[in-house]
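This report refers to the structure that appears directly beneath it.
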Amino acid sequence: MSNHQHQHQHQRNLSFTAQGVNQSMKSDKSLVSSGWITTNTSSWASTRGLSGTIGPDRPPLAWAGVRHQLREDNELVEVDDRGSGGAGHCSQAVLITCLHLSHEMGLRDVGQYAWTTPSVKDPMGSMMKIMKQYSQQIRGPSKHSTLDCRTVPDPSKLVIQHHLQRARQQAGPNNYVAVIYNGHGIQEPPTEQGELWCYDRGFDECLQNGGGPTEYIPIMLFDVLAWAGSSTCYVWDVSFSGRFIKAALTEAEEIDNQFKAAAAQTPQIAEIHPPVYSRRQIHFASCGPNQTVPRINGMPDDLFTACLTNPLRIALLYHNLQTFPLTKGDGSSSSSSYIPRNSEYMILLWENMSSNLKDRLSYELLSIIHTIAWQTLNGSDYQKLFGKSGDLVNNLSSGFILSQRVFSSYRVNPESTPTIPSSTGHTLWTTWDLILDNLFEQLPKYFDEGVIDNSWEKNLKLVSFMQDQLESISTATTLSSESSGSNGSTGSSGSGSTVTKNGIGMTPSLSRLPIICAAAMTKQFRLQACQALDSCLRILDIRGLAHAVQGGALDVAAKLLALEDPQIKNHLISIWSSLVRYDLAVLALAKEGLTSEKLTSVPSVKFFLGALEENLVKDVNVNGKGAEENMLEEDERINLIIQTAAVLSTIANFVSGRKAPRFVIKNLSMSGIMLKSDRELMKQWGALLIAEVLGSLDQPEDGQSDLGHDKGLIDGLKMNLMEMIGSNTVETRATAIYALSRWIPNSEGAIEKERLQLEMKPALEIVKVLLNHSEDEGSPLVRRELARMYIRMLEVADGFAELAIWISILQSTVEFIPHMRKEVEETIVNTGRGLGITKDQLEVMKTLQRVFQAAKRFENDPDNHVNKIVDNPLDAILNKLRKHEVEQQKHWKPISTLVLNGVRADDGMKWTEELLKIVIESKDHLITNWHKIKSDKEGKVEDHDEDKVKKGKDKRKRLDNELFERTKAVLQSYLAAGRRPDLIPDKVLTSQSGDSRERTWTLRHRVLEDSMVVAEQQVGLPWKWAMKNISAPDPWTNMTFHSFHSTVMSCNSSHDLLLWDWSTSRKTGHVHLDLPSTEAISSARFVNELHEQTVILAEITNGDIHILAGPQDPSKIKPIANFRALDLSSPKIGYDMAYQRRLITTWYRSSGLLCVGGSSDKINVWDCPAERCVRALNTESAAPITTLITEPVSGNLIFAGQADGQIKLFDLRQSRKTALISWGGDSSSDLDHGRMTREAESRKAINKIGVVLGESKNISSACANGMVNTYDLRTLSSPVESILSHPNGISYASFQAHSGLLSTISNLHPTTHGIPSADFALHRTTQGHLSPVTAETISFGNQPSETLSGYFKPYTVIHPLRPFLGIGFGHTYYLRGCGVGKGDDTDSGSFTFIKAQATNLI
């Protein structure tokens, strides 16, 4: 072992001793030292430092982090954008009005059109005035866009065609065109086929030549749609207009089908005329297909058009005519204000209302309408109607929702495409009525006609819908954030959530997003709205975020960013850190950065760079502030830094391939400060910022000193990142490796070998450090980054890697064919000399060989994602070694299999002399490639700069950024999980005056400890069959109890874990693991049993451990982690036993340490919260481990039982790797020896070791030969007491540390009549004494022959806390309890009984 490896191992042990073990060795009044063994005088001390609890001396809970609670595909959500189909804003409007006033006024009294009463004496002039008013009304809603409005009064067919085609030509193919058809002057209804009517002569023609139209001319709707184009919004204000809706759907589909058919013949047509008519069409019809437009006194005749173009005025008129006060007056004169006003009063009211009051009321009305639409429409339809299509379509859609309410009062139902469900009963309309009730109460009694006076508004006090809604949103969002943050997850549903039509969960804040967006654009409510928007977005998952973007969140965030308002700066940072998880938001934020001359001059980039710099240098320790206030402000500062880094990283990733030296230097300098923080999350985002900047943008050249470029900056960042590799936080290690991968050269195909070797030097230094940690890594997240790092290193090391791997294959193969060793060695030496390999190049290849070996190990990694990362690249690298002849290709496949799988290769496949010669012969091919690569590189030295830039871009695009995207997607979850908890844990440990202030976790600990006390008292009671029996359809090989739930978990050497409820004897479900066909689950245990989720540790026969977690519902328990816990292929283990291929584990919950032994001479100690192996103990024996336990008080002592009967004691406080004490645990007297069966005499394996809580000096053991012994650690020459429990040997044993009960069961007796049986015994081992409690022969009933002849053995397991146990074999399982009662709640082993007893003890 090299000095560096010794140093690494030494550091590993020091880190483990200081952080893992000594944590539980701090001074405590309950701990008493007895020599070198720590004992405990109170069972209460055993919960000190419990994993997952709050406090500085409690380690984090294992497998309960944010990354374990999130879906793997959380960020891989695609959102359908088919609703808008890529259409743009509305820039053209065509007003088609068929009124023919001279004819109309002759038949009936005409009211108002466009709020204008036509004159009988001058119908032509009235028509022109009406058209002018229409044009103003249409342009009014489009304040922020340029709208070209075409007025087409009383048109002919040719005039309509001309204006529609011209409007489409001006708008372009994708922008919307609004077509408003008013047919009140047409006496013929639209036909059933959707034909509309116009005149034979147009208005302009009649004006010039005199006369008027003489007949109606029909126009096919197909023609209208074709003239206007696909992106068109139609308003049909005419009776029976619902016929247009039905016909339009059919005609649009027909046009699309024709385009598709044409595109099939000529593909270019699809680009010119895409088939999108059915997706982009918008239609608003004033009534159903068999309804007429109502005429209402006090309302204009074109009521539908008025609703769509001037909704506020119609809303005031409707409220005055149709509604009644929601509150009753007190009999005073004020009640008279509820009397409806006359038409003249309402006209004067409108004229005397200031523009400010109109704007305010209009803002409230539109906010309510948008919220109603948001809650009733799916996201894509809402975005098409109220977002992407522009101001005019937005206002027409808003007016349509108002028209539904107004027209429904007259039994008329407007229709639309896309369908807008009727919202007349929505509760927000009540809010609007209250606002208008309040307004009407304060109106003056009269207005002077002809005089405009706004003075009455001075004392006006309106109800603020915005204010009330924002306050309720803030309250609801706070509750949702707490609920989401409590489990560290990010989801779109929270407390009180609703579900939209497309199945997306809507939180209270998301359901009222339009209110938040509207309020954010008003100065009065901007700060409060930004707070609400921030809280809303941070708890959404990607799908919910995409839905929020459809609701306008992105547009508002962009507008707020442009305002440069310092009051909302911090909220904007948080808002954008949530938005950048969605690609569309990234495009909106950083699009300008793709083409700008200087990236740092882009306003958005400048804003976030300044924010990061400001918060990094900010000092929150200001005098006059309390410590708690300073801590909260510091937390906010850290969060802002992290969020800003996330946005800047995203920008760098988006503008990949360009040069931005100032941007690079600034970010690298600031990220260096982040790496030195004591906050792990800040370090992680500092590393991610470095990775995205270096991986996406060109690094500044050394000569750019004017930028403040420090030549040592990059090296300093590298050293800081390498220090992070030793972190106990998984995400910190993963992000550090991810960032360090950017030190691997990008352009492996464009430089000569000498320069490549020079550029590879920093990367090789990094890889050497990583190789020392590779086998210790337990997190799939980190292993994925290691695998990518190794593969990329092999791919970049052009030529060197192939040669190094070839030599490695030859060196490993001669171990199987030793007589060819000399030939192999000569081949290697001669090849090296022939290629002119230097000493430095040889060192490079030695490192690459280690990289190859590490990558090979990942081929068999328990994580499928890691397998995929290395699988194809390794095959590709090995294929470079072979010649292309067909014969060699045939033989190279088994060579690749043997190289990559080794001992795991298929049965019968092994190295032969023929295969080795083929590898040797590939030397010529390897040398040819070496020289070819060299010549290719020399020819590429003179490449043009543009080509180099292009290649750099292409290379950067191939860099994997999965970790960045995934971490960015869950950023808000990590921030929520890292918020400072309430600082009162020590105040809740005791109850005062009977009023318990204990928190949930404290109560659970109390119940746990009290049940221990009860269990100790119950051991003296009689044991009888008083509990449930289980007959399982699947045979069990072993099982385990959950400490608190009534759950039994079993396995049967398959890929499934079986879950049962012992209180009902029913199977509740099973959990399946995707394992290799040759492997199986050998055993499993519950961990973190005080946590809300069920966490299962499944041990696999190949040495892997899989972690599964989820709620109590078995169908929701999913794999969350895995690791290779122990190498079971050690050649030193010579025992050929049934239990050889399985893991033996012991778990200490207080520190989260998992010790793993088995068919190996090693015992690996895993720090599970850190997910890494911190120590490897050496058994110095060829016998496999058969049992492991941790001393239950301090967790410092590990007892290991072996197959040769030896028991070994390891002390984790000491640096030594070998056992402190070793003794024989299979001791028996001559008398006992004579009573044993011959088969039992040959068995020496230790089946179980037990240490009673608080009695660490006394050790109990059960041996496979049938002996049960107790030992005093001070005198180990012989057992204190011994009992031959089972003369035919012990099959299985179980121990309960809290009561000292040892349960054993014998091997099966010879079957009689096909019914197997075994002897069960229970012993009490306390105070160093061993005494029998009960013994009985157990019959297991009829069992299938495969069960009797297979690997199934009798087993017994004691419940961890309660006084009952299980005994089973095959399909039969018995529960036996201590006590005198029967049934679930009366039995002394039931939870109710234990809880009652515990209450009496407190």
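Any value given below was found using the heavy atoms of this structure, including those in side chains, with hydrogens, waters and symmetry copies removed. Residue numbers start at 1 and run along the sequence shown. These numbers were taken from a predicted model, which means no experiment stands behind them.
P275 pairs by the side-chain contact (heavy atoms from CB on, under 4.5 Å) definition with D256, F259, K260, not counting sequence neighbours. Legend: residues meeting side chain to side chain donor-acceptor pair (under 3.5 Å) with H571, ordered by chain and number and at least two apart, are absent. Residues passing the side chain to side chain donor-acceptor pair (under 3.5 Å) test with S135 are R139, sequence neighbours excluded. In this structure D534 satisfies the salt bridge (charged side-chain N to carboxylate O under 4.0 Å, His left out) test together with R538, sequence neighbours excluded. Remark: Q643 pairs with S574 by the side chain to side chain donor-acceptor pair (under 3.5 Å) rule, at least two apart or across chains. Remark: S367 pairs with no residue by the side chain to side chain donor-acceptor pair (under 3.5 Å) rule, at least two apart or across chains. The ring pair (Phe, Tyr, Trp, His ring centres under 6.0 Å) search around F400 returns F284, not counting sequence neighbours. Under the ring pair (Phe, Tyr, Trp, His ring centres under 6.0 Å) criterion, Y234 pairs with W236, H283, sequence neighbours left out. A557 meets the side-chain contact (heavy atoms from CB on, under 4.5 Å) test with I575, W576, L579; sequence neighbours excluded. Remark: Y134 pairs with no residue by the ring pair (Phe, Tyr, Trp, His ring centres under 6.0 Å) rule, at least two apart or across chains.
Here the side chains of I245 and T419 are not in contact, with every heavy-atom distance at 4.5 Å or above. Counting only heavy atoms from C-beta outward, the side chains of L540 and H547 never approach each other to under 4.5 Å. Taking 4.5 Å as the limit, some side-chain heavy atom of L560 sits within range of a side-chain heavy atom of C530. W432 is not listed as a side-chain neighbour of H319, based on a closest heavy-atom distance of 4.5 Å or more.
Note: L396 CG to L385 CG = 10.0 Å, rounded to the nearest 0.5 Å.
In this model, a donor atom of one side chain and an acceptor atom of the other lie less than 3.5 Å apart for Q972 and S577. Under the 3.5 Å distance criterion, with hydrogens and angles disregarded, a donor-acceptor pair is assigned to the side chains of S380 and N378.
Checking side-chain atoms of R581 against main-chain N and O of E965 turns up no donor-acceptor pair under 3.5 Å. A donor-acceptor distance shorter than 3.5 angstrom exists from the side chain of S231 to the backbone of N174, with no hydrogens or angles considered. Remark: the backbone N or O of L357 is paired with a side-chain donor or acceptor of S354 at under 3.5 angstrom. Judged purely by atom type and a 3.5 angstrom limit, Q281 has no side-chain atom pairing as donor or acceptor with the backbone of T417. Counting only distance, with no hydrogens or angles, the side chain of S241 and the backbone of C287 share a donor-acceptor pair below 3.5 Å. Counting only distance, with no hydrogens or angles, the side chain of R280 and the backbone of S230 share no donor-acceptor pair below 3.5 Å. Without hydrogens or angle criteria, Q291 side chain to N413 main chain gives a donor-acceptor distance under 3.5 Å. The backbone N or O of G544 sits less than 3.5 Å from a side-chain atom of D541, completing a donor-acceptor pair. The backbone N or O of E415 sits nowhere less than 3.5 Å from a side-chain atom of Q404 that would complete a donor-acceptor pair.
Applying the salt bridge (charged side-chain N to carboxylate O under 4.0 Å, His left out) test to residues at least two apart or on different chains, the pairs with a partner in residues 553-565 are R526-D565. For residues 229-250, the salt bridge (charged side-chain N to carboxylate O under 4.0 Å, His left out) pairs, not counting sequence neighbours, are E192-R243.
A pairwise comparison of heavy atoms in N175 and R168 identifies O-NH1, 2.7 Å as the closest pair. The heavy-atom pair separating I516 from A532 by the smallest distance is CD1-CB, 3.9 Å. Nearest heavy atom pair, residue F304 against residue S286, reads CG-CB, 3.4 Å.
W374 does not carry R512 over the face of its six-membered ring by the limits of under 6.0 Å from the centre and within 45° of the normal.
Annotation: K358, atom NZ; neighbour count of heavy atoms from other residues, nucleotides and ligands within 6.0 Å is above 12.
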